[in-house]
Amino acid sequence: MTAIDETFARRAAPEAGTARNADVPGSGVAQTPSVHPDAIAALMAANHGDPFSVLGPHRVGPKAWEVRAVLPEARAATLVMDGRTVPFEKRHPDGFWVARVEGEHRPLYEIEVESWDGTKRRRYDPYGFGSSIEQYDVATLREVGTNLVYRMLGAQSGQLDGIDGFRFAVWAPNARKVSVVGDFNDWDGRRHPMRLWQDGGIWELFVPGLKAGVRYKFEIRGPDGALVPLKADPVAFAAQHPPETASVTHGSGEFDWRDSGWMSTRGAKDPRHAAISVYEVHLGSWARVPEEGNRYLTYRELAERLIPYVKDLGFTHIEMLPITEFPFDGSWGYQPVSLFAPTSRFGTPEDFAAFVDAAHEAGIGVLLDWVPGHFPLDAHGLGQFDGTHLYEHADPRQGFHQDWGTYIYNFGRTEVATFLAANARFWLEHYHLDGLRVDAVASMLYLDYSRRQGEWIPNRYGGNENLDAIDFLRKTNEATYSHAPGTITVAEESTSWPGVSHPTYTGGLGFGFKWNMGWMHDTLHFMQENPIHRRYHHHNLTFGLLYAFSENFILPLSHDEVVHGKGSLLNKMPGDRWQKFANLRAYFGFMWGHPGKKLLFMGGEFGQEREWNHDTSLDWHHLDDPLHKGVKDVVRDLNRLYVSTPALYSRDVEHTGFQWLVADDQDNSVIAWARKGAKPGEIAIVVSNFTPVPREGYRIGVPQAGFYREAFNSDAGVYGGSNVGNAGGRHTDDQASHGQGQSLSLTLPPLATMIFLLEG
């Protein structure tokens, strides 16, 4: 993590001059009433909207100051300055205290409180400090793409007037009153009411002496005067372990990163022309510790176990299901509350940083599944935050997801868009993540997403496009690519929306990549068919190539395909046990040879038999079975072949890198194509036979003469196959076929994919 917090260098006091305690204070000042009883009553009822107008030091005459404090816990209180003391006088039975002192300048002091049990505690008074926020900062919070959101809001550790503490700041423009409450003040909203910046709706307070690791929330009184449920900090950097819901002061956020080499070079490559193979993982169920109550692995344990595993399998990236703090395990993280806090289920923010650092040290990028499209209704969350629909639309036709029972952000409110865009930057810059997979983009783009006529509100032109969401996505992508070079953003977008992964200056949304949901649905549908019927579904293999280069695609076999009764990838495959494994191996070969980057959800790499359950570990005992181990070896060998073969990745997004060889042999369910790299001679031939019938002497035209080495065969005996193949490769024949002057005569194994590389 890079440091968030800074020394608060300013103290905006109401008095000119910076000298303090220049005169020795005394208590010989005439006692005259200076605070209206109604103001005191409002403070004691936690219902005063401008506490700094009453509390702290106030000049009440020439060289005369009155220091006022709310101390409901005190039996007695003393003001301490330069070792001298002045007793406080109790002016309200619930704990409003006043001390009179002399001096030319605004005093800097401490308050010593004697509690009812006789213990004494000395601390600086939050109301003795001015603001450390500038009006310019408040105005900047309306600039979508700024990172000031997480540098100004939240609980920031630092110094003010040389005193350590935490500054709390929160956006709640419609609130009548906001207090920070927590362990440090017995969750008493009377003790630390905050100052309001009227122009921007920002409430702030510096609490001197506060340490990291303290639980807190905001107590907010809405515009109608009613208290809303205690709210977690929207910009909290740490949070309690669910089901507890408090935010936690975190400190400076320093971490001793060791990935400077990774960070300095990750921007040197164009990801579109790089090998990207992603292992999607749910950290809570990849592996558990059954002998310790089935507990989660920690971030640091995952660094020790998951990262070497992924490296051995040859994946280039890990993609985590959402880890921004979320209350409900069953949401898998897709209903987050604290967007700036890594979930405490697996450890501290520093532990999470160590996980990312370890991945980079192993040469593996880390992507985060990011959820800006919706948020849950939990009382401590963003909904009705200041007593109004602040983050969400008020009209449920715009602000409520019927499918998921969640709120929808009001992307048209500038502060909301700024909050979310800053959150995207935060994970890429502060935690060095290498990209974001943006969840449910289609639900953001369409106003009528999953709604019937009359259940949605058209845009100003009468259309169904969410113009505010489009603008937000474009600005967020521009901000992330500008400030975090070498990172990528990936859209989960399931429609034919044009230009999702095109630059914003051409009218696109600005994402780096888009999940190819059509390819996934079509090809899985084909694979689920009995081989005898596959001839009638051959178009499901070929249709994706009609649009394969319209976007920068990632081919996803994600968690969504192995839950909710859909079964595992292995059990989608037809046939007996051997055929199921053969089909899955062939499908993986087809996928790794197909244009597009790769993504595979955990468990698929060894053919997990049951569908995914977020409450239990993967079935690692499967690897004792040679067929399961064979699938794992297939994925490992495909990844290694993929990253070492430019023909298989360097022109993924260009039609010139692909050439059909056999597209129309539906009767035999055979398909073949050539992949081409940027250099002459970089040619890979991919051939799949999706029937259980081996085929001898199958001739395929190829674009160039030479020896084609059989670099991969999913039917190899080491994978559990029947070991039918081509004795290491084939030389071309000077015989035309499939529109090519040269051809290969091949033996096609049953239910298998082969990849041949042109040698020399």
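Keep in mind it's a predicted model, so treat the numbers as computed, not measured.
Between L555 and W592 there is no side-chain heavy-atom pair separated by less than 4.5 Å. No side-chain heavy atom of Q742 sits under 4.5 Å from any side-chain heavy atom of D733. When side chains are defined from C-beta on, L473 counts as touching M444, because their heavy atoms get closer than 4.5 Å. Residues Y587 and L557 form a side-chain contact, since some pair of their non-hydrogen atoms from C-beta on lies under 4.5 Å apart. In this structure, the side chains of T691 and R534 stay at 4.5 Å or more apart for every pair of heavy atoms.
Using cut-offs of 30° and 60° for the angle between ring planes, the W673 and F658 rings count as tilted. Aromatic ring pairs are classed by plane angle as parallel below 30°, tilted from 30° to 60° and perpendicular above 60°; the pair H432 and W257 is parallel. Using bins of under 30°, 30° to 60° and over 60° for the plane-to-plane angle, the ring pair W612/F601 lands in the perpendicular bin. Relative orientation of the Y334 and W332 rings is perpendicular, given thresholds of 30° and 60° on the angle between their planes. Relative orientation of the Y279 and F315 rings is tilted, given thresholds of 30° and 60° on the angle between their planes.
Considering T476, N477, L436, I488 in turn, N477 is the only one that fulfils the side-chain contact (heavy atoms from CB on, under 4.5 Å) rule with F511.
Remark: R437 is positioned above the aromatic ring of W515, its terminal NZ or CZ atom under 6.0 angstrom from the ring centre and at most 45 degrees off the axis.
Remark: aromatic rings of F411 and F472 are close, center separation under 6.0 Å.
The residues R266 and D434 are annotated as salt-bridged, a charged nitrogen and a carboxylate oxygen being separated by less than 4.0 angstrom.
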